[in-house]
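Working notes, structure below.
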Amino acid sequence: MAYENIIAEKKGAVGLVTLNRPQALNALCAALIAELEEALDAFEADDEIGAIVITGSEKAFAAGADIKEMKDKSYMDVYQQDFITKGWGRLATCRKPTIAAVSGFALGGGCELAMMADMIIAADSAKFGQPEITIGTIPGSGGTQRLTRFTGKSMAMYMCLTGEFIDAETALRSGLVAKVLPAAELLDEALRIAAKVAGFSRPTTMMCKEAVNRAYETTLAEGILFERRVFHSTFSTEDQKEGMSAFAEKRKPEWKNR
Ligand code: DAK
């Protein structure tokens, strides 16, 4: 798959997307988002792929939406075109498990893109921020909502109202990222985690992420009920029988993805 603003490649059962617009710190221009949507569609449709990693460069995961591309648009331009909506949420709608591996800047739309992944792992150099306030606007791709759910109100308000960045350790403490590593180890670790997830029963990983994501959409009682029903439904799969039998027989399970 040849693209201009990203690199999409397969690493075994893992689909790897590398944002690749170094001259603009991976600013998320419309062409990049269109390519990202296409690459994610392709990995979602590919039976060989069981998990997806999205990463950037060492200096920047992504420094946000492309400010130069949007600075002169009028309200009517952005409202009538539903500006930069198409493709922007694609990562959040992936059914296969996704990991954002963040090194350097993850700002504005870059931070929002990372938060659409199922988990974020970060290099110790990572800097997360929602600096839209400093350019006269507010987060537009979920920053006020997802960040608040990750970190709670105070940290989200601090980041959105001051535009100041937080470092990787603060992001870890705040629940925004799952793990922090030296930059040189980031991609290998992201690929290791993704390969591990891709090595489990595919339908079960999809059900599992659906259940976790439900926690963001519903009440506790409804979420628990949803989880219970999905848990019950795993007993209709061949892989639940295989997984539990393999445990009892002291052998490794052979997943059928059915
Ligand atoms: N857009 C365009 N170009 C950018 C950019 C950006 N966001 N960030 C960096 N660049 C470009 C710089 O202009 C510069 O280009 P040249 O001057 O060399 O041509 C090049 O990348 C290198 O940047 P710097 O020279 O500035 O590098 P520094 O190391 O000095 O500074 C920095 C790094 C990341 C601190 C700085 O570049 C910076 O502050 N960048 C802007 C960060 C920012 O404000 N991001 C938020 C943008 S607003 C929505 C979806 C998404 C969004 C909204 C709605 N919908 C779905 C509706 C998102 C909005 C945003 O993200």
Side-chain angles (χ1 to χ4, degrees), residues 13-14 40 43-44 49-54 88-102 111-122 128 130 139 141-160 166 170-180 189-190 192-249 252-258:
V14 178
L40 292 174
F43 285 145
E44 283 271 270
I49 296 297
I52 298 166
V53 171
I54 179 165
W88 265 90
R90 183 64 185 93
L91 187 60
T93 61
C94 282
R95 298 186 72 208
K96 293 178 178 173
T98 58
I99 299 174
V102 173
C111 185
E112 291 167 317
L113 181 65
M115 289 191 290
M116 288 178 204
D118 295 327
M119 64 185 103
I120 303 175
I121 67 166
F128 297 88
Q130 295 291 161
S141 195
T144 64
Q145 304 303 300
R146 288 198 179 92
L147 185 62
T148 309
R149 284 165 162 84
F150 278 111
T151 67
K153 176 176 162 180
S154 193
M155 180 61 84
M157 285 288 192
Y158 161 68
M159 289 173 68
C160 292
I166 61 169
T170 308
L172 183 67
R173 269 200 318 277
S174 306
L176 181 58
V177 311
K179 207 165 186 176
V180 176
E189 179 63 359
R192 184 196 69 78
I193 297 170
K196 180 166 190 174
V197 174
F200 293 123
S201 162
R202 301 277 168 82
T204 314
T205 58
M206 286 163 80
M207 288 180 198
C208 187
K209 80 170 260 187
E210 253 184 312
V212 174
N213 279 331
R214 200 70 177 187
Y216 284 97
E217 307 290 345
T218 191
T219 63
L220 180 60
E222 284 300 319
I224 297 283
L225 182 60
F226 181 84
E227 179 194 79
R228 184 75 31 85
R229 293 292 169 253
V230 178
F231 167 76
H232 287 157
S233 75
T234 63
F235 284 68
S236 69
T237 66
E238 292 178 28
D239 285 341
Q240 174 270 334
K241 297 289 170 290
E242 169 63 10
M244 294 193 185
S245 301
F247 175 82
E249 293 160 17
K252 281 201 160 170
E254 284 180 32
W255 307 117
K256 303 233 169 38
N257 297 326
R258 298 191 62 79

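- The backbone N or O of Ala215 lies less than 3.5 Å from no partner atom in the side chain of Thr218, so there is not a single donor-acceptor pair.
- No side-chain donor-acceptor contact under 3.5 Å links Lys179 to the backbone of Ile121.
- Scanning both residues, Ala194 and Val53, for their nearest heavy atoms gives CB-CG2, 3.5 Å.
- Without hydrogens or angle criteria, Lys209 side chain to Cys94 main chain gives a donor-acceptor distance under 3.5 Å.
- Atoms CZ and CD1, from Phe43 and Ile49 in turn, are 5.5 Å apart once rounded to the nearest 0.5 Å.
- The nearest pair of heavy atoms linking Gln130 to Glu112 is OE1-CG, 3.6 Å.
- Considering only heavy atoms from C-beta on, Asp239 stays 4.5 Å or farther from Thr234 through its side chain.
- Interatomic distance, CG of Leu147 versus NZ of Lys153, reported as 14.0 Å (0.5 Å rounding).
- Remark: the backbone N or O of Val230 is paired with a side-chain donor or acceptor of Ser233 at under 3.5 angstrom.
- Rounded to the nearest 0.5 angstrom, Ser141 OG and Met115 CE are separated by 8.5 Å.
- Counted within 6.0 Å of CD on Glu249, heavy atoms from surrounding residues, nucleotides or ligands total more than 12; the atom is thus considered enclosed.
- Atom NZ of Lys196 has 12 or fewer heavy atoms from other residues, nucleotides or ligands within 6.0 Å.
- Ala114 approaches Ile120 most closely through the heavy-atom pair O-CG1, 3.4 Å.
- Nearest heavy-atom pair, Ala51 versus Ala198, reported as atom, atom and distance to 0.1 Å: N-CB, 3.9 Å.
- A distance of 10.0 Å separates CZ of Phe226 from CE of Met207, quoted to the nearest 0.5 Å.
- Pro139 and Gly143 make their closest contact through CB-CA, 3.8 Å (heavy atoms, listed as atom of the first residue, atom of the second, distance).
- Atom CD1 of Ile224 is separated from atom CZ of Arg229 by 12.5 Å, given to the nearest 0.5 angstrom.
- Smallest separation of non-hydrogen atoms from Met244 and Phe235: CE-CZ, 4.0 Å.
- Contact check on Arg214 versus Glu217 returns no salt bridge, with no Lys/Arg side-chain nitrogen under 4.0 Å from an Asp/Glu carboxylate oxygen.
- Between Phe128 and Val177, some side-chain heavy-atom pair lies under the 4.5 Å cut-off.
- When atom types are taken as modelled, the side chain of Glu242 and the backbone of Trp255 share no donor-acceptor pair closer than 3.5 angstrom.
- Annotation: side chain of Thr170 is in contact with side chain of Met155 (closest heavy-atom distance under 4.5 Å).
- Here Leu91 contributes atom CG and Ile54 contributes atom CD1; the two are 5.5 Å apart, rounded to the nearest 0.5 Å.
- Aromatic ring orientation, Phe150 versus Tyr216: tilted (interplanar angle from 30° to 60°).
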